[in-house]
Amino acid sequence: MEPSCRGCVNCIKSCPTEAMRVIEGKVRILSEICIACGECIRRCPHRALLLEEDEWDYVLSKRPMVVVTDPSFCAQFSWPPVPELTAQALFELGFEPIFDEYEAAYDVTALAEARAICSLPDTAKPLISTYCPAVVRLIQIKFHELIPHLVPVESPLETSIDLWRARTRRRDPVTLVSSCPARIAMVRSPVGRDISSAEFAISTSKLAREVLIGSGDPSKKVTINLPLQAPRWVVWAKTGGESMHVRNFSSRPIKTLEVDGLRNVINLFQEMELGKLKGIDYVEARACDLGCIGGIGNAESRFLSRIKIDNIKVSFDMNEGYQNKLESIYEAKIWSLRECIVPIEQMPLGEDLARAMERLKQLHAVYAELPHLDCGTCGRPSCRVMAEDIIRGEGSPDDCIFRLKERIADLSKEIYELSKRLVHTMTSEGKS
């Protein structure tokens with residue numbers, strides 16, 4: 001990773017939590033405040049940053065491998081985003097997708113969210129979706145006041161694994177396939193539960209490439225009746241799919257708001273903290289443009305994926321037997337988060353309050369001497385962050401190119417003045 005870095009600082013300027021540094025040509029990521037949104041990877045023109053996924057060859061060695069894929073995976077190929085087609089291609093390569101559990105997992109998630117919305121007073125709304133892990137971590141780090149608004153519902157991907165294990169009694173390792181760095185990171189460090197139900201995590205592009213190389217177009221082998229119809233969970237791949245699902249499971253009309261793109265999400269949360277979202281019941285927020293189909297780890301264009309998903313039809317008709325099954329899953333609370341979501345505190349300036357206040361005064365003094373241009377040439381995203389690093393002993397004022405130029409100019413002037421001074425024993429009259 002490090003040899004490819006050119007010090008362009010595109011990554012540190014794009015990080016929403018200021019978790020990146022470029023020091024002496026090496027990228028440093030402060031994992032404690034990183035939300036794994038993938039913006040740094042998206043902005044890096046030199047491929048100096050990559051997804052932290054599991055070793056692909058090791059995952060391949062485990063075939064037959066049980067896989068749970070993000071719904072956006074079905075829209076990565078030339079054939080229609082119908083799970084049956086994608087499943088056939090995966091089976092031919094020795095992978096076992098658990099698509100059969102998705103319907104119940106996503107339905108019970110939508111049902112739980114809808115009932116949470118309807119059960120709360122207006123003062124506790126809007127609730128915020130926990131489906132995008134980058135958004136959840138963003139709230140944990142930057143928007144602590146919004147944590148009570150996070151709906152306490154587990155990711156349906158995790159729920160689908162739990163349902164599969166309960167039905168099959170199997171304990172085979174499961175690989176999560178996702179385009180999202182944050183979702184991949186959640187396998188190692190989940191939020192709302194102590195351990196993930198998945199053992200491995202790989203990017204969508206890795207598995208999609210394997211499918212494209214090793215399998216023909218399954219749509220030529222299986223007859224699909226037109227018009228195309230797909231399960232309800234497929235639409236979660238695009239922005240608005242979750243909200244549509246929740247509205248259809250609500251016992252009364254609810255108002256939802258959908259937003260995607262990290263900058264838009266941050267702007268919305270800032271307005272929400274100011275109390276400007278009165279009358280909204282539910283917020284579906286996605287860090288990536290157009291939703292999960294815009295994830296950095298996808299193989300297909302997000303625009304083409306959106307067209308494919310828009311062209312399918314979904315139905316919310318359910319028979320009585322399935323409704324009873326869904327109610328039993330709901331009553332079992334398999335959809336519920338095991339642990340409360342808690343804030344992630346910023347790195348303290350001192351061990352105790354007195355020390356922290358003393359350092360805060362020092363920070364303000366150092367910051368006042370900096371140019372406040374936030375140019376990034378020091379390897380930090382802003383002058384404020386640089387001041388914090390200096391106070392913590394992790395930087396020097398000379399790291400600022402403007403301060404350094406001023407010091408060089410002062411030293412040059414001093415050297416010039418000193419050069420005009422002659423040693424007394426070397427005066428022209430005193431030469432021997």
Side-chain angles (χ1 to χ4, degrees), residues 53-54 56 58-77 79-112 131 133 153-180 183-184 186-187 190 193 195-204 206-208 210-211 214-215 218 222 229-237 241-242 245 292 295 297-298 314 318 322 325-326 328-330 332 334-336:
E53 53 189 313
D54 285 306
W56 177 240
Y58 179 75
V59 173
L60 286 180
S61 69
K62 295 294 182 180
R63 287 188 286 185
M65 168 63 73
V66 179
V67 295
V68 54
T69 71
D70 187 275
S72 62
F73 185 79
C74 295
Q76 300 301 302
F77 310 101
W79 55 85
V82 178
E84 288 81 0
L85 296 177
T86 305
Q88 179 174 332
L90 291 172
F91 276 122
E92 290 179 2
L93 296 175
F95 293 99
E96 182 183 344
I98 57 174
F99 289 155
D100 291 343
E101 314 299 337
Y102 280 26
E103 183 175 52
Y106 278 83
D107 281 351
V108 77
T109 298
L111 177 64
Y131 187 69
V153 179
E154 180 62 270
S155 165
L157 293 174
E158 293 279 358
T159 302
S160 65
I161 301 175
D162 295 338
L163 289 174
W164 175 79
R165 293 197 190 283
R167 179 177 63 83
T168 63
R169 306 293 182 181
R170 290 170 56 182
R171 291 295 177 263
D172 305 52
V174 176
T175 297
L176 172 70
V177 182
S178 177
S179 63
C180 174
R183 202 173 295 286
I184 290 175
M186 291 278 276
V187 172
R193 60 192 299 159
I195 187 171
S196 172
S197 296
E199 284 75 19
F200 307 110
I202 58 173
S203 65
T204 295
K206 286 284 181 66
L207 185 55
E210 191 75 12
V211 170
S215 175
V222 179
Q229 185 164 329
R232 294 177 285 274
W233 54 266
V234 172
V235 298
W236 284 56
E242 177 188 4
H245 207 155
C292 297
N298 278 324
V314 297
M318 294 170 285
Y322 178 74
K325 172 187 174 182
L326 203 59
S328 65
I329 296 175
Y330 177 82
I334 195 171
W335 49 268
S336 179

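In this text the structure is predicted, and so the values were computed from the model without any measurement.
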Value for OG1 (T204) from CD1 (I184), rounded to nearest 0.5 Å, stands at 7.5 Å

Interatomic distance, OG@S196 vs CD@E158, rounded to 0.5 Å, equals 3.5 Å

Test your reading of the model: is there a side-chain donor-acceptor pair from R193 to the backbone of E154, 3.5 Å cut-off? no

Open item on the list: V66 vs W164, test: side-chain contact (heavy atoms from CB on, under 4.5 Å). Steps then yes/no.
Closed with: CA-CA 10 Å; V66 179; W164 175 79; 3.8 Å; yes

P81 and A230 have their tightest heavy-atom pair at O-CB, 4.0 Å

Heavy-atom nearest pair, V108 first then T159, reads CG1-CG2, 4.3 Å

Between C292 and D70 the two heavy atoms that sit nearest each other are CB-OD1, 3.6 Å

Is it true that a side-chain atom of R165 and a backbone atom of D172 form a donor plus acceptor pair closer than 3.5 Å? yes

CH2 of W56 to OG of S61, rounded to nearest 0.5 Å, is 11.0 Å

Do the rings of W236 and H245 sit parallel, tilted or perpendicular, given the 30° and 60° boundaries? perpendicular

request  = Using atom types as modelled and distance alone, determine if a side-chain donor or acceptor of D54 lies under 3.5 Å from a backbone N or O of A201.
outcome  = yes

| Are F91 and T86 close enough, and set up right, to give a side-chain contact (heavy atoms from CB on, under 4.5 Å), and what steps lead you there? | CA-CA 9 Å; F91 276 122; T86 305; over 6 Å; no

Test item: L93 and V211 side chains (from C-beta on) under 4.5 Å apart, heavy atoms:
yes

Query raised in the report: Would L60 and F95 satisfy side-chain contact (heavy atoms from CB on, under 4.5 Å), going step by step from the backbone distance to the final call?
Result: CA-CA 9 Å; L60 286 180; F95 293 99; 3.7 Å; yes

Correct closest heavy-atom pair for I329 and A104 would be CD1-CB, 3.9 Å

- Message: Would E53 and S203 count as a side-chain hydrogen bond (donor to acceptor under 3.5 Å, both in side chains) here? Give the steps.
- Response: CA-CA 7 Å; E53 53 189 313; S203 65; 3.1 Å; yes

For S72, is there any backbone N or O sitting under 3.5 Å from a side-chain donor or acceptor partner on Q76? yes

d(I98 CD1, L163 CG) to nearest 0.5 Å is 8.5 Å

d(L176 CG, R183 CZ) to nearest 0.5 Å is 7.5 Å

Derivation and outcome, side-chain contact (heavy atoms from CB on, under 4.5 Å), residues I202 and T175 | CA-CA 7 Å; I202 58 173; T175 297; 3.8 Å; yes

Heavy atoms of E101 and S160 approach each other most closely as CB-O, 3.7 Å

Looking only at heavy atoms, the pair that brings P156 and T109 closest together is CB-OG1, 3.4 Å

Worksheet entry | Donor-acceptor under 3.5 Å (E199 side chain, V174 main chain) | yes

Is a side-chain N or O of W335 found less than 3.5 angstrom from the main chain of Y330, in a donor-acceptor match? yes

*asked:* Tell me whether the rings of W233 and F99 are parallel (<30°), tilted (30 to 60°) or perpendicular (>60°).
replied: tilted

d(D107 CG, L326 CG) to nearest 0.5 Å is 5.5 Å

I'd like to know if the side chain of S179 reaches the main chain of N298, judged simply by a donor and an acceptor atom lying under 3.5 Å from each other, with no hydrogens or angles considered. no

Quiz item: With no hydrogens and no angle check, is any side-chain donor or acceptor of Y102 less than 3.5 Å from a backbone partner on T69?
Solution: yes

